[in-house]
Undergrad: 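Once you've had a glance at the structure underneath, I'll fire off some questions.
Each chain gets a letter, A, B and so on, in the order its sequence line appears, and its residues count up from 1.
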Amino acid sequence: MPAVEELLSQLNPQQREAVTFGDGPLLIIAGAGSGKTRVLTYRIAYLLWRGVRAEHVLALTFTNKAAEEMRERLFGLVEPERARQLWMGTFHSIFARILRLEAPRLGYTPDYTIYDTEDSTGLLRTLLRQMGIGNHVLDPAAARHQISHLKNRMCSWQEFAASARTPRERILAELYRAYEEQLRANNAMDFDDLLLNTIRLFQAHPDVLARYQERFRYIFVDEYQDTNRAQYVALQLLAARYRNLCVVGDDAQSIYRWRGADIRNILDFQRDYPDATLIRLEQNYRSTQRILAAADALIRHNQQQIPKRLWTANPEGELIRLLICADERDEAAQVLHYIQRELDSGTPAGAIAVLYRTNAQSQPLEEALRRARIPYVLVGGISFYQRKEIKDALAYLRLLLNPADMVSWLRVINEPPRGIGAATLEQLRQAMHQHNLSFLEVLEHADTLLTGIRRSARENLQALAALIRRYREALHSSAVPLDLLVLEYLEATGLLALYRQDEQEQERYMNLERLIATLSEYVQSSPAPSLREYLQQVALMSESELVPDSADAVTLMTLHAAKGLEFSVVFITGLEQGLLPLARATESREELEEERRLLYVGMTRARERLYLSYAQHRWRWGESILCRPSDFLQELPPELLEPIPSPTAAPGVPFQSALRASATEGMEEDGLYPGARVRHPVFGVGTVEALSGSGENRRAVVRFPHVGRKLLLLRYARLQLLHR
DNA sequence: GACCTGCTGATTTTT
DNA sequence: TCAGCAGGTC
């Protein structure tokens, strides 16, 4: 193990101060690339050297991957045995772990199921149907988002019901109530419950809280700017006794407001802890001077921020290249061209990333890379664990642990087909309530309880129930390794056979094989493998964790997914008004500032070279629309940019005029563009989202704050263009 | 109850 | 453009 002095000598004065800081609340404002992870790891190692016991340390990170990385680094600093004892992970996974241990106190079993977004939405859809409310009245996905938002802000259904005024709010309140009731009946929690139930546990059981306060005497929180209200409250509770709360973050990198993150948590830390010490890490070790200067110039346009001055001793570096492209295919071609050049000059593929605002933008880029046979990894998109066949298999597995989970039952009851439709399900539901039986019990007694359905269906249901029972027992008693047992079980459900036989479904079949393979990997790498732990890991896995660390592949991902990472060469694509910033974000200052922070995060990922690009046209909803360069481009100092029009882009014009010219070139006389603010005589002020057609058929999709999205024929709707 | 077809809405970002 | 869903038919 390295000597303490040696490690401290590698740090700058501010970093050293943070690492060696004594007890009490500590706020570290860590600018992009300022060695945040290093400081966190060293500080934990420093505490351990000072004699703090590993089990007294809790480190909360934003992704499980970040936690793994930190643990890896710690292995080099302290004895692996001690590093392993640390509790390190996301809020969600750490709290899920606490809840497993304490579940009975809350009326749950330790085998409770964790519902992901899709599960929750599905449950809400079922409930709405039962309430006799159509999807057009209240969209299940929108309702899920709103309920999640309420839960993040710790607003219970009772509180919400009391304040509900409009009919829509009253329906939502009733849905919220039914949803909570059903979650409990299903022995299930959604993502938000993992936080809320932990808080409830602590508040209702002071003895339990005291136990965890004693245990976690030193608490670290990474990416503190992206914590929400519930996380904030949980931290207040946990840290109340020892007050050794060390939070690290950068308000300039807060990009999860839409998910309930509350930037006030970091802005108000010193108000919450008046005796808190503030340390600023302002030296950037990552980027060139030019990249940093451009990023800094951009972020200065935000009003809401903690004052700081990032600087670097790194070389000046090259100009930021701005690729002006004709459309998204041309953009992909240009990006490909420069990737090729990077590779030719010796940059490893793994040091290159292409970033974009929305997942949909990855397609043309993927195609270009595929054709050029350049290896790439795609982060996010439709995740492996979201695929239908995988979710079905996981639902079968969840039922082994938690047969109360109705969402999983409904997923698998007719997959493979067992002759069960809506009518049979309704009978099942009635039998459950009438005889006060569990779903599994009703299935087992299908022959006497479900007389109204076909005999074959009844037999199928009883066979399914027997299967679940048998493997439930096998799971607890069997000496067969978990992965083999699961393989046998999935075979017995008929799910594997369903896809194996069908030529068209080979991909699904292979995905299921891959699932078993990941389970085998888990079984072999874990000291005490359990289905419970495996399912939890899968449920709380973030997108970025699925991607194998590949040194020789270009990374494609959203700007959000890039948080916390760094690359030698970064491309940020689609810098167009309406895309970055997104059209709907231009309506409020807060949202616009978050879009700006998002671009800031992207730019500061780059070590040596940064490429920005925009397209003059882009396909959207099956039509090519005209795009205007992002306003953010004008916020970057022109002397740091080198505009490069592609050969197929509209005629080359100098950059500054390019920004303005391309806004009008080829454009209809109305001067509208996606992202433009317009006034409608009836609907009021709105934002243009898309344009199509010309002349008589010129149409615009406009989003109005209260009315929603409208398709307007401009011949009739006399829109007035508002200038900012 | 299964299958087919036509329609609609999606493109925000994710633990 | 396309996937997923609702509604209708067999």
Undergrad: Considering only side-chain heavy atoms of A:Tyr256, which listed nucleotide, C:dC5, B:dT14, B:dG1, is closest?
TA: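 That would be B:dT14.
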
Undergrad: When the P atoms of C:dG4 and B:dT13 are compared, how many Å lie between them, rounded to an integer?
TA: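 My reading of the P atoms in B:dT13 and C:dG4 gives 16 Å.
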
Undergrad: With stacking defined as ring centroids separated by under 5.5 Å and planes differing by under 30°, is A:Trp258 stacked against B:dT13?
TA: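 A:Trp258 ring centre within cut-off of B:dT13 base, planes near parallel; stacks.
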
Undergrad: Tell me whether the rings of A:His560 and A:Trp258 are parallel (<30°), tilted (30 to 60°) or perpendicular (>60°).
TA: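 Because their plane-to-plane angle is over 60°, the rings of A:His560 and A:Trp258 count as perpendicular.
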
Undergrad: Checking A:Tyr108 now: which residues fulfil ring pair (Phe, Tyr, Trp, His ring centres under 6.0 Å) with it, not counting sequence neighbours?
TA: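 Ring pair (Phe, Tyr, Trp, His ring centres under 6.0 Å) list for A:Tyr108, sorted by chain: empty.
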
Undergrad: Mind calculating the distance between CD (A:Glu118) and C1' (C:dA3) to the nearest angstrom?
TA: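 Those two atoms, CD and C1', are 14 Å apart.
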
Undergrad: Considering just the side-chain nitrogens and oxygens of A:Asn359, establish if one lies under 4.0 Å of OP1 or OP2 belonging to B:dT13.
TA: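 Yes, within the criterion.
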
Undergrad: So, for A:His301 and A:Phe632, is the gap between ring centers shorter than 6.0 Å?
TA: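 No.
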
Undergrad: By nearest heavy atom, map A:Thr424 and A:Glu594 onto DNA chain B; which one lands nearer the 5' end?
TA: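 Result of the comparison: A:Thr424.
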
Undergrad: Rounded off to whole Å, could you give me the CG-to-C1' distance for the A:Leu540 and B:dT14 pair?
TA: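 Going from CG in A:Leu540 over to C1' in B:dT14 covers 12 Å.
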
Undergrad: In whole angstroms, how far is the P atom of B:dG1 from the CG atom of A:Leu425?
TA: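 Going from CG in A:Leu425 over to P in B:dG1 covers 8 Å.
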
Undergrad: Counting only side-chain nitrogens and oxygens, does A:Ser93 get under 4.0 Å of the OP1 or OP2 atom of B:dT15?
TA: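 Checking A:Ser93 against B:dT15: no side-chain N or O falls below 4.0 Å of OP1 or OP2.
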
Undergrad: Work out which heavy atom in A:Leu495 is nearest to a heavy atom in A:Glu389; give both atom names and the distance.
TA: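 Of all heavy-atom pairs spanning A:Leu495 and A:Glu389, the closest is CD2-O, 4.3 Å.
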
Undergrad: Starting from C1' on B:dT12, measure out to CD on A:Glu590 and report it in whole angstrom.
TA: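 Result: 18 Å.
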
Undergrad: How are the rings of A:Phe95 and A:Phe202 set relative to one another: parallel (under 30°), tilted (30 to 60°) or perpendicular (over 60°)?
TA: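 If you compare the ring of A:Phe95 with that of A:Phe202, the planes turn out perpendicular.
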
Undergrad: Does a nitrogen or oxygen in the side chain of A:Thr117 sit under 4.0 Å from OP1 or OP2 of B:dT15?
TA: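 A:Thr117 to B:dT15 OP1/OP2: no side-chain N or O under 4.0 Å.
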
Undergrad: Going by side chain to side chain donor-acceptor pair (under 3.5 Å), A:Asp226 matches just one of A:Lys563, A:Arg259, A:Arg257. Which one?
TA: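 Running side chain to side chain donor-acceptor pair (under 3.5 Å) over A:Lys563, A:Arg259, A:Arg257 with A:Asp226 returns exactly one hit, A:Lys563.
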
Undergrad: Take the protein atom CG of A:Leu579 and the nucleotide atom P of B:dT12, then report the distance between them rounded to whole Å.
TA: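 Atom-to-atom, A:Leu579 to B:dT12, this comes out as 10 Å.
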
Undergrad: Extract from the structure each pairing of a protein N or O with an N or O of nucleotides 2-6 of chain B at less than 3.5 Å, listing the distance.
TA:
| from | atom 1 | to | atom 2 | distance (Å) |
| --- | --- | --- | --- | --- |
| B:dA2 | OP1 | A:Asn414 | ND2 | 3.4 |
| B:dA2 | OP2 | A:Asn414 | ND2 | 3.4 |

Undergrad: Quick one: A:Glu223 CD to B:dT14 P, roughly how many Å, whole number?
TA: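 From A:Glu223 CD to B:dT14 P: 15 Å.
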
Undergrad: Out of B:dT13, B:dT15, B:dG1, which has the shortest distance to the side chain of A:Thr358?
TA: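 Nucleotide nearest to A:Thr358's side chain: B:dT13.
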
Undergrad: Would you kindly give the CD1-to-P distance between A:Ile147 and B:dT15, to the nearest whole Å?
TA: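 The answer, rounded to whole Å, is 21 Å.
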
Undergrad: Any donor-acceptor pair under 3.5 Å between the side chain of A:Arg259 and the base of B:dT13?
TA: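 No such pair is found, so the answer is no.
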
Undergrad: Let me know the distance between CD1 of A:Ile255 and P of B:dT13, rounded to the nearest Å.
TA: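 Rounded to the whole Å, the gap is 13 Å.
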
Undergrad: Are A:Glu118 and A:Lys388 within salt-bridge range, i.e. N to O under 4.0 Å?
TA: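 Result for this pair is no, no salt bridge flagged.
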
